[in-house]
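Worksheet: the structure to be examined is printed underneath.
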2 protein chains.
Amino acid sequence: MSELSTATATPVPTLKFYLREGLLHAGERTSPNQAQYDESHINRVRLVRALIDVGGLPVARAAEVVSAMQRDDLPVHSVLGIAQRAVTERLAPSSAPEEESPSGTGRRLIDELCARRGWRVHRENPGLAMAARVLDAYVALGQDALLEALDAYADAAELVARADLAAVAAAGERSRGDRTEMVDVVIVGTVLGDALAAGLRRAAQEHASLERFPAPDLDHDRQDTPC
Amino acid sequence: MSELSTATATPVPTLKFYLREGLLHAGERTSPNQAQYDESHINRVRLVRALIDVGGLPVARAAEVVSAMQRDDLPVHSVLGIAQRAVTERLAPSSAPEEESPSGTGRRLIDELCARRGWRVHRENPGLAMAARVLDAYVALGQDALLEALDAYADAAELVARADLAAVAAAGERSRGDRTEMVDVVIVGTVLGDALAAGLRRAAQEHASLERFPAPDLDHDRQDTPC
DNA sequence: CTCATGTGGATAGCGTAACTATCGATAGTG
DNA sequence: CACTATCGATAGTTACGCTATCCACATGAG
């Protein structure tokens with residue numbers, strides 16, 4: 001186990017904790033108090049740490065995700081749904097089980113958006129509720145200007161979704177349709193993709209901000225080295 | 001105060017807590033133990049709750065954000081930076097103060113991306129580090145297919161960033177350049193925009209997934225009503 | 001005038017999440 | 001055979017976001 005610990009830069013107590021929580025499958029027993037861990041455990045720990053540290057998933061969600069990955073009976077499509085739910089509930093710990101929006105305006109805008117773009121999406125898709133909440137907040141805060149950005153956001157979402165699916169397809173081709181490979185891409189892409197998109201958004205925002213309001217010379221304390 | 005509480009659907013003890021934490025400015029005193037709260041307090045509470053509940057900011061970050069909003073000396077551009085830092089540190093609670101990536105591959109890819117697209121961005125932009133972490137994770141997990149999606153993500157980021165800045169400009173025009181109006185848009189757009197983008201991404205993913213792998217009839221337990 | 005109710009201010013407590021520390025009974029290792 | 005490591009269990013720790021309680025006082029209905 002200490003090998004596994006050094007290989008993954010994870011303290012032993014944490015590994016034990018992950019074992020308890022079902023994030024990590026048990027090693028192969030060689031005696032009542034000894035077990036052998038292999039490559040699969042290393043990869044699993046790396047995946048789990050990426051989901052938690054980089055993707056920001058709570059441990060319990062990560063456990064759901066990995067257990068879904070292991071179930072061979074689930075179609076890839078369903079695994080996507082589980083990953084989506086996991087990563088969505090990180091950002092929006094919805095209070096009520098079945099939350100009713102105060103006005104429903106956000107939800108209406110989202111439904112109209114889907115219709116406008118011909119998106120075929122289940123009504124229960126967690127992203128729809130999430131987006132609707134944001135729009136409700138925009139309305140409540142009187143941010144009409146931001147509401148007008150909705151279609152641009154949808155364009156962007158289509159762009160990344162197509163890229164995501166292309167990545168899944170590419171992995172599928174490379175592995176000749178191996179399910180676990182494709183599921184891996186779906187999980188990692190769904191969970192970490194949010195963070196990637198958010199990070200790039202910050203960079204693009206700064207770039208766009210400098211282009212539009214060219215007055216960057218106020219922060220003299222930091223290097224003006226452009227990236 | 002109970003008025004404020006009912007107007008914002010927030011328990012009184014929570015309002016007191018927000019006052020303590022500097023999220024809410026004190027009311028105008030009418031006597032040693034009485035204060036008058038006005039519209040600005042209602043708006044502030046709504047904003048704070050949106051940042052925390054919808055945007056997922058920790059209370060401490062939200063406090064930084066609102067204090068930056070109130071400082072009239074800061075240019076709008078710097079407020080954007082503060083908002084970016086606040087929302088980034090939510091998703092990536094970076095352990096070390098100055099974190100060095102294990103390999104630096106992710107950072108190199110990001111720098112190349114910026115150069116390729118001509119993005120002028122400070123090296124310290126929190127989004128760059130965030131994106132670099134994700135790419136490092138992709139590399140560590142052997143997800144080359146996802147690395148190839150990077151440019152599509154950058155395209156999408158440009159799209160939303162342009163829309164964000166357009167919203168700021170629109171608000172600026174409507175208010176004839178009123179600083180607080182523009183700052184409001186920047187804060188709300190930066191913090192909640194992530195959630196909106198993430199939500200729409202889920203919907204677009206499901207749509208794209210159904211288009212590419214048309215086998216949706218396995219989840220009989222849920223309504224197949226398309227949105 | 002009085003007294004229940006509400007207020008602001010301070011301090012302490014609670015519940016969850018994610019670890020972290022310790023313990024006891026072994027089990028390989030030099 | 002001493003010594004470190006392991007497994008499993010239980011308990012403790014830290015951080016966060018509230019929530020509860022207490023107090024002295026201030027209104028305002030009766």
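Only this structure's heavy atoms are used, side chains among them; waters, hydrogens and symmetry mates stay out.
Residue whose closest nucleotide on DNA chain C sits further toward the 5' end, between A/Ala60 and B/Glu3: B/Glu3. With DNA chain D read from its 5' end, the first of the two nearest nucleotides for B/Lys16 and B/Arg49 is the one closest to B/Arg49.
When DNA chain D is scanned in the 5' to 3' direction for atoms under 4.0 Å from non-hydrogen atoms of chain B, the outermost contacting nucleotides are D/dG17 to D/dT27.
In this structure, A/Leu57 atom CG and C/dA18 atom C1' are separated by 14 Å, rounded to whole Å. Whole-Å rounding puts the A/Glu89 CD to C/dA17 C1' distance at 16 Å.
Counting only heavy atoms from C-beta outward, the side chains of A/Leu146 and B/Leu192 never approach each other to under 4.5 Å. Side-chain contact between B/Ile110 and A/Leu200 is present, with at least one heavy-atom pair separated by less than 4.5 Å.
Across B/Glu21 and B/Ala63, no two heavy atoms sit closer than the pair O-CB, 3.7 Å.
There is no side-chain donor-acceptor pair under 3.5 Å between B/Arg49 and B/Thr8.
How far CG of A/Leu23 is from CG of A/Leu51: 9.0 Å, rounded to the nearest 0.5 Å. Note that CG of B/Asp164 is 3.5 Å distant from OH of A/Tyr153, once rounded to the nearest 0.5 Å.
Non-hydrogen atoms lying under 4.0 Å from DNA chain D are contributed by A/Arg20, A/Arg29, A/Asn33, A/Gln34, A/Ala35, A/Tyr37, all within residues 18-38 of chain A.
Residue pairs meeting the ring pair (Phe, Tyr, Trp, His ring centres under 6.0 Å) criterion with at least one partner in residues 38-68 of chain B, sequence neighbours excluded, are B/His25-B/His41, B/Tyr37-B/His41.
For CD of A/Gln70, the number of neighbouring non-hydrogen atoms (other residues, nucleotides, ligands) closer than 6.0 Å is greater than 12.
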